[in-house]
Every structure is written in structure tokens, then in C-alpha cells.
2 protein chains.
Amino acid sequence: MSIEPFNKYTEVPEVVILRLPLYVRVLTKLDEDRETVISSYQLGQLLQMTPAQIRKDLSYFGRFGKQGRGYNVLFLLEELKRILGIDHGWKACLIGAGGLGRAILNYPGFSPEGFEIVSAFDVDEYKNGMLIGSVRVQSMKDLPIIISQHSIKIGIVAVPASQAQNVIDHLIKHGITGILNYAPIAPIVPKTVTIRNVDPVLSLQSMTFYMTERGK
Amino acid sequence: MSIEPFNKYTEVPEVVILRLPLYVRVLTKLDEDRETVISSYQLGQLLQMTPAQIRKDLSYFGRFGKQGRGYNVLFLLEELKRILGIDHGWKACLIGAGGLGRAILNYPGFSPEGFEIVSAFDVDEYKNGMLIGSVRVQSMKDLPIIISQHSIKIGIVAVPASQAQNVIDHLIKHGITGILNYAPIAPIVPKTVTIRNVDPVLSLQSMTFYMTERGK
DNA sequence: AACTGTGAAGGTTTTCACAGCG
DNA sequence: CGCTGTGAAAACCTTCACAGTT
């Protein structure tokens, strides 16, 4: 029994985790450009952040730099990938093979980063068997077996808003622990599941605030 | 001359602005469901937030509720739309008519929310004249005149990463003040311009942190 | 009785500033 | 000398708790 108020072990702030992929992205670019060393100041220039913030963020995970010199680009890049769990590939399944789902399947940005959509599902039985890119659309009733056979942990939701929460609940029931949701809703998920929403309309709606007199 | 350290007029925190569109979304749904009154507690349930946060957020802009009763759904909805500047439509232009650009043009979610893509551009002259949905692809050299004729303030960027910063600079030079960027880069813009990035890969990369042992 | 609006408290994140290392 | 890593300070954001209104 402690006299002081209970304070759980200081975790890494979520905002920090959200920034790590940005670091990965610029480091990847720097590596492609054959840069071998970079300082927190230079990283800050590229990302429009303060050098102190970058150093503090990295310090949550270890000591990756060299005083007087900076960070080794490739070393820091690989450390960050390991921390984020993207030093290996991830399989994902897609739910919803409409216009949006098709665009997601054809989006060339996922697989170079190690995210592979290995399977697609749609409630519409007419779409079953259709080939989109290299993926064949399957019936929703095959979802449990496919998820378990391929050990899929990520679900990408591209169904209409009205069905999205149901689909999300269904995915979670069958073992999905990460969801990338494209439906324009505010989904409710247990704390054991990580969800990210892709919602360009929300982005535009907060943008317009700053584009009106009111926002200045 | 004050003794106290200078503190600029307390602005509304950006996180608050980012949440307002969420309130708009659930209020819209509630209105469609013929709900007329809602409390901060109920809103909190729907959005997985504390009632105090919702009340505090709203208090930055005025007093919209009634004690003992809650908020009038339609009234609050319209106030929030006015605050965000979405009580009227916004015109946007799209740059990049490749696979991604085509998906954006065909995405049915923008126009019901008042965002209309009135024009599309591509550097590839072979695409000029092509019709995508109801929009005809134009040459980049027509961009300045079209932006000015239609008073377009929003640019949607769907070009390859290598060209994105150039395109963004170009848009800004010709009067665009809001940018929705789909290219996987960390763009640099002046403080007079508001930018939002749509980047599902970054979302996935922060998600996997929490899906690994490390993230628990 | 049921709720809002809000100062104040509490908690979190950013920035500062400098010791210490290469 | 130039830079990192990091306690401490400052700034920022969330939650509490309750006076006040309907």
C-alpha cells in the first residue's frame, strides 16, 4: 500500500507512436538518397518539428544517436521499424468489394510497406468469385476459416456506413485485432483492438475551419 | 506593459477543432433518427468520450445547451456547421488523374457533405479531355485560370510522391489555401495554408505497434 | 431532478537548457 | 565544437466538481 497516488508505469504517449511512422518515412527517403547521418535539427527541418521533440520521442525507446554527430540513418530506420513491428510483413483482409474496396485493392502503396491484402469478402453473393487485382472475392461465411488459416490480424473495412459497426464486431469476434476503417462512422471497439479511421471528409471539415475568418 | 509573461488570446485548441466534425457526424445521424434532444453524457457514449470533454469543447464557442435538459440536436448541428464553415459548399480541384485520382473522383462521400470536385488536372497530356465521372481532365497550364474563375480554395493532391511537393507549391502559388494530400510524403506548407494528409500506410504502421507485444 | 457551463485541479506533452560524450 | 539525451519548467489539454439554471 502506497501513500502516493497510484501511477501506472509511464507508457510511451500515443502521439509519439503516431509520429514514429513519419520518421520511418523520411529516413527511408534519406537512405534512398544515400544519406548516412542526420541530426535531430535536420530531421526537424524535414518534418517541421522541433529537434527537441524528435530527440525526446526517440529517447522513449533507447539511445540511437552519437553525440556531436547525429543519427545513423539506416540504423535508426531499422530500429524504428522493429519498434513499430514493421520489420516483418502483415497480412490483411478486406471487407466490402464496392468502388472503394476495389480502389483499396488496387492501391499500390500497401505492399511495398509490407501490408498485403490476401483476401477480400463481400455480402453480395453476386460478387463472389470476382477477381480484383490478384484477389478473389469470397463469401462472408468463409471469413472465419480464411482468417484463421492465414493468421490474418488486420481487417480493412470498406462497407457502407450502415453495415460498418456490424462488420467490425464480426471481425473482432473472429480474431482480428487491428482495423483500418474507411466507413464514415465513429466505431466502438474493445480496448484490446486497435482501430484507425481513414476519413477524408472529417479532414476537410476541420480544414475549412481554418480557411474561414473565424479560424484566424 | 504587463508584468506577467505575454500570453496571446487563448485560441481554441486544434484538437478541439478536430473533434467538431465528429460531433457534426453523430448529430446528423441523431437528426435523421428523429432525435431532438441529447445530453453530453449520451453524446459521450456514442463517441467514447467523457461528457466533460464534450461540454468543454462546446464552451469554447458559446452556450448551446439547456441546463437540466441537454442540447437541441438540430440547433447544435447547425451551430457547429456554421463554426466549421460547412454551412455552405466548397469547391475543390483534383490534381492527378491516375488510379487514385479516379477513385477520389468517384468517391460518393464528398458531395453530400458540400465538397464538390469541379475540376481535375493531370500533367500527362494524353489524359487531357478524358471524362471521369462528370469531370473532364484538363491540362496543368489551365489550372491558374480555372482556380481563379471558380474561386476554388481547396486542392486535392493525388500525384506520385516524387511530384507532390512541387504540385503543392504550385497550388499555393495560385491561391489554394487548403490542401487534402493523398501522396505519402511530409509536405511543407506556409502557415497561411491548411493541410491534411490522408495516409492509410501511416495509420497501419502506428497500429502494428499496439498489435505487438512491445505495445502492451 | 437533471443537466449545462466553467474555474480549478490534475495529468500529459512539449520545450528548454545544459551536462556530458565523441 | 557539435550534437545527443534528459531532468526540469512551461505549456497545453482533460477531468473534476459544483454553482447555477430550467
Side-chain angles (χ1 to χ4, degrees), chain A residues 2-20 22-23 27 30 35-73 75-77 79-80 83 206, chain B residues 2-20 22-23 27 30 35-77 79-80 83 206 209:
Chain A
S2 159
I3 301 168
E4 319 220 337
F6 176 71
N7 230 337
K8 73 178 168 193
Y9 163 75
T10 298
E11 310 184 12
V12 181
E14 174 157 19
V15 274
V16 173
I17 303 303
L18 294 175
R19 283 192 292 262
L20 298 188
L22 279 168
Y23 302 156
L27 289 166
L30 287 166
E35 301 287 342
T36 58
V37 175
I38 188 119
S39 68
S40 60
Y41 179 79
Q42 293 170 297
L43 274 177
Q45 299 268 95
L46 294 172
L47 287 166
Q48 305 285 281
M49 299 168 53
T50 64
Q53 181 163 66
I54 291 167
R55 294 201 302 276
K56 188 60 135 183
D57 282 0
L58 299 178
S59 77
Y60 284 104
F61 304 98
R63 302 151 59 103
F64 305 112
K66 282 211 178 46
Q67 281 133 321
R69 193 156 159 69
Y71 300 90
N72 178 295
V73 170
F75 174 68
L76 181 56
L77 177 55
E79 287 294 299
L80 289 176
I83 291 161
S206 68
Chain B
S2 158
I3 302 168
E4 317 222 338
F6 175 72
N7 230 334
K8 72 178 169 195
Y9 163 76
T10 299
E11 309 184 13
V12 181
E14 174 157 19
V15 274
V16 173
I17 303 303
L18 294 175
R19 284 192 291 261
L20 298 189
L22 280 169
Y23 302 156
L27 288 166
L30 287 167
E35 301 288 339
T36 58
V37 176
I38 188 118
S39 68
S40 60
Y41 178 79
Q42 293 171 298
L43 275 177
Q45 298 270 95
L46 294 172
L47 288 166
Q48 304 286 281
M49 300 168 52
T50 65
Q53 180 163 66
I54 290 167
R55 294 201 302 275
K56 188 62 137 183
D57 283 358
L58 298 178
S59 78
Y60 285 103
F61 304 98
R63 301 151 56 102
F64 305 111
K66 281 210 179 48
Q67 282 133 320
R69 193 153 160 69
Y71 301 90
N72 178 295
V73 169
L74 197 55
F75 174 69
L76 181 56
L77 177 55
E79 287 294 299
L80 289 176
I83 291 162
S206 68
F209 174 83

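Letters go in sequence order (proteins before strands), and every chain restarts at 1.
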Between atom [atom1] in [X] and atom [atom2] in [N], what is the gap in whole Å?
{"X": "A:Y41", "N": "D:dT4", "atom1": "OH", "atom2": "P", "result": "12 Å"}
{"X": "B:L43", "N": "C:dC3", "atom1": "CG", "atom2": "P", "result": "12 Å"}
{"X": "B:K56", "N": "D:dC13", "atom1": "NZ", "atom2": "P", "result": "12 Å"}
{"X": "A:I17", "N": "C:dT13", "atom1": "CD1", "atom2": "P", "result": "11 Å"}
{"X": "A:I54", "N": "D:dC3", "atom1": "CD1", "atom2": "P", "result": "14 Å"}

Looking only at side-chain N and O atoms, does [X] come under 4.0 Å of OP1 or OP2 in [N]?
{"X": "A:S39", "N": "D:dC3", "answer": "no"}
{"X": "B:R19", "N": "D:dC13", "answer": "no"}
{"X": "B:T50", "N": "D:dT15", "answer": "yes"}
{"X": "A:Q53", "N": "C:dT14", "answer": "yes"}
{"X": "A:Y71", "N": "D:dG5", "answer": "yes"}
{"X": "B:R55", "N": "D:dA17", "answer": "no"}

Testing C:dG20, D:dG20, D:dG5 for proximity to the side chain of A:S59, the answer is D:dG5

Practice problem: Would you state whether a donor and an acceptor, one from the side chain of A:K66 and one from the base of D:dG5, lie under 3.5 Å apart? | Solution: no

To the nearest 0.5 Å, atom CD of A:Q53 lies from atom CG of A:L58 at 10.5 Å

To the nearest 0.5 Å, atom CD1 of A:I54 lies from atom OG of A:S39 at 8.5 Å

Comparing nearest nucleotides in DNA chain D, the 5'-proximal residue of the pair A:L58, B:R63 is A:L58

request  = Could you give me the CA-CA distance, side-chain angles and deciding distance for A:L43 and A:Y23, then say whether side-chain contact (heavy atoms from CB on, under 4.5 Å) is met?
outcome  = CA-CA 8 Å; A:L43 274 177; A:Y23 302 156; 5.6 Å; no

Closest heavy-atom pair, B:V73 versus B:V37, reported as atoms and distance to 0.1 Å, is CG2-N, 3.8 Å

